[in-house]
Asker: 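Take this structure, written in structure tokens, and hold onto it; I'll ask about it next.
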2 protein chains.
Amino acid sequence: MTTTRRRGGAMSEVRRRRLRLEISREASRLFWRQGVEATSGDQIAEAVGLSTRTIWRHFRTKESCAEPIVARGVERGVTLLRAWPPHLSLEEHAAAERTGHVREAGADALADDDRLAMRLVVLGEREPALRTAWLMACDRIERELRPVIAERLGLAADDRRVRPHAAAAAAALRVHNEHVAVALLAGGDPLRRLDTPAHLARAVRTATGGAVGDAIARRPGHPPP
Amino acid sequence: MTTTRRRGGAMSEVRRRRLRLEISREASRLFWRQGVEATSGDQIAEAVGLSTRTIWRHFRTKESCAEPIVARGVERGVTLLRAWPPHLSLEEHAAAERTGHVREAGADALADDDRLAMRLVVLGEREPALRTAWLMACDRIERELRPVIAERLGLAADDRRVRPHAAAAAAALRVHNEHVAVALLAGGDPLRRLDTPAHLARAVRTATGGAVGDAIARRPGHPPP
DNA sequence: GCCCTGTTCGTCACTAACTGCCATAATGCC
DNA sequence: GGCATTATGGCAGTTAGTGACGAACAGGGC
């Protein structure tokens, strides 16, 4: 890990992230309540207790204020992949994670931010501004996935085969999230069946042509050239 | 096909598309020459010979002006998939299309719009505004891919298995395009090796876990549940 | 404790992306 | 040609977003 070299009164990276998340939270709430058109930058600023100028310092666009919140769903997927130990298959790891996760948070209590994220994702079907935020968030996730997948496959980070797999995996995470979101908002509480990491594991495996999914056995080459 | 029921002085769909493409072309040229920040809506309007007001009638955002041009690359991929006859494997079809395509346009003459599209795609690495346009274009492509893939797999259009495949295929098209774009702009003219539909076919096949790729043999079910 | 340095934040003025509104020109249908 | 509908232009108005400058603020060195 590179120790963050910050000097003077510089904001720590974690504090910066926290602030962005807070802004995003308030902005997203307003977006959901009154639509993105109807919410002004001033409203967001007032809701979070900052000046409007500061909002634009942390986000380049009104719509991009939604990104940190909306990214939460897919972020869970990448943490799942990050924590994937080499000696397990993806499905085994997913199963283990699920049991651990359920005990920690309880099956019924879905964090407010996650609900909000799903709401904005489905709202994105109608509001192009939110759609762009969602796609940009997933794009960021895809980049974060690249080194993870490269290491898993024993490939160099800039190997030509990495990016297709990362893109496919990110796409799998995205549609899974969209699916869960509409199912959750439309009907009751199908979380127990839908949100299982097992589904994610399956989706990622097929999206990568089976490349990302097995426990590590043979190292360097696995797909036919 | 539903005959488009248009009345009064309504613009035909094809004319509308042409106009949007023309606007997009001029906007994209300006974006490339002077950056997207530095180009104003007025400049775009003047370049295409319309009033600024009309520009905003056809595009909701300055950056979205780039979408039609930037989508050209991936659009070729979806036309490839659309024209895919059932009795061929994807690779066979790709090979056939390639020979046909080469004869038609000549290998050396890459259309100006395509060059422009690739330039904007690589520029999108640095300019978030262009990145959103590119992602939105690919998102549209993904939606167009849905019915094509559904029909190919003999599934209902709203079957749960369609969207993951469409997303994965679209992602494959996207990274292929990005790869071609940077290779083309960075170095000389690696088109003969990179732009082959054969690579697209391979990418789509693996991204869909092999589901989209075979010639049609058995109809209804093919992946294990 | 103090100064010094670099950073964040607020205020204000300003630019430019968009939007409504109304009159006018184009277009398709009869 | 006449009519209905739509696309367009011009203009006023709103609001997203930026630059500049000063004040508050967090560290490090002493």
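Order of the sequence lines fixes the chain letters, A, B, ..., with proteins taken first and strands second; residue numbering starts at 1 for each chain.
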Asker: With a sphere of 6.0 Å drawn around CZ of B:R143, does it hold more than 12 non-hydrogen atoms of other residues, nucleotides or ligands?
Answerer: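 Yes - once you tally the heavy atoms of other residues, nucleotides and ligands closer than 6.0 Å, there are more than 12.
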
Asker: Could you tell me the separation between the CD atom of B:E37 and the P atom of D:dG19, rounded to a whole number of Å?
Answerer: 8 Å

Asker: For the pair made of CZ in B:R60 and P in C:dC18, what is the distance, rounded to whole Å?
Answerer: 9 Å

Asker: Strictly below 4.0 Å: does A:S51 bring a side-chain N or O up to OP1 or OP2 of C:dG10?
Answerer: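 For C:dG10, OP1 or OP2 has a side-chain N or O of A:S51 closer than 4.0 Å.
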
Asker: Treating A:R152 as the side-chain partner and A:P86 as the backbone partner, does any N or O pair qualify as donor plus acceptor under 3.5 Å?
Answerer: yes

Asker: Rounded to whole Å, how long is the line connecting atom CG of B:L50 with atom P of C:dA26?
Answerer: 13 Å

Asker: Could you tell me how far apart B:R15 (CZ) and D:dT5 (P) are, to the nearest whole angstrom?
Answerer: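 Going from CZ in B:R15 over to P in D:dT5 covers 19 Å.
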
Asker: For C:dG20, take OP1 and OP2 only and decide whether either is under 4.0 Å from a side-chain N or O of B:R53.
Answerer: no

Asker: Checking the side chain of A:R25 only, and the main-chain atoms of A:D113 only, is there a donor and an acceptor separated by less than 3.5 Å?
Answerer: no

Asker: Round to a whole Å and report the spacing from CZ of B:F59 to P of C:dT19.
Answerer: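 Computing the B:F59:CZ to C:dT19:P distance gives 14 Å.
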
Asker: Under 4.0 angstrom, heavy atoms only, what part of the nucleic acid is B:T39 near: base, sugar-phosphate, or nothing?
Answerer: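 Counting heavy atoms under 4.0 Å across all strands, the contact made by B:T39 is with sugar-phosphate only.
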
Asker: Taking N and O atoms by type only, does the side chain of A:R57 place a donor or acceptor under 3.5 Å from a partner on the base of D:dG17?
Answerer: no

Asker: Which part of the nucleic acid, if any, lies within contact of B:T61, taking any heavy atom under 4.0 Å across all strands shown: a base, the sugar-phosphate backbone alone, or nothing?
Answerer: sugar-phosphate

Asker: Of the candidate nucleotides C:dA17, D:dG17, C:dC9, which contains the atom at the shortest distance from the side chain of A:K62?
Answerer: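 Of all the options, the side chain of A:K62 is nearest to D:dG17.
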
Asker: For the pair made of CG in B:D42 and C1' in C:dT15, what is the distance, rounded to whole Å?
Answerer: 12 Å

Asker: Give a yes or no answer on whether the side chain of B:T61 reaches the backbone of B:E63 with a donor-acceptor pair at less than 3.5 Å.
Answerer: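 Checked: no pair found.
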
Asker: Determine yes or no for a side-chain-to-main-chain donor-acceptor pair under 3.5 angstrom, with A:S24 supplying the side chain and A:I69 the backbone.
Answerer: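 Yes; judged by distance alone, with no hydrogens or angles, the pair exists.
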
Asker: Grab the CZ-P distance between A:R18 and C:dT8 for me, whole Å please.
Answerer: 18 Å

Asker: Any base atoms under 4.0 Å from B:I55, or only sugar-phosphate, or nothing? Heavy atoms, all strands.
Answerer: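 No contact.
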
Asker: Let me know, please, whether A:W56 or B:H58 comes out on the 5' side of the other along DNA chain D by nearest nucleotide.
Answerer: B:H58

Asker: Just how far, in rounded Å, is P of D:dG9 from CD of B:E46?
Answerer: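 One finds 13 Å between P of D:dG9 and CD of B:E46, rounded.
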
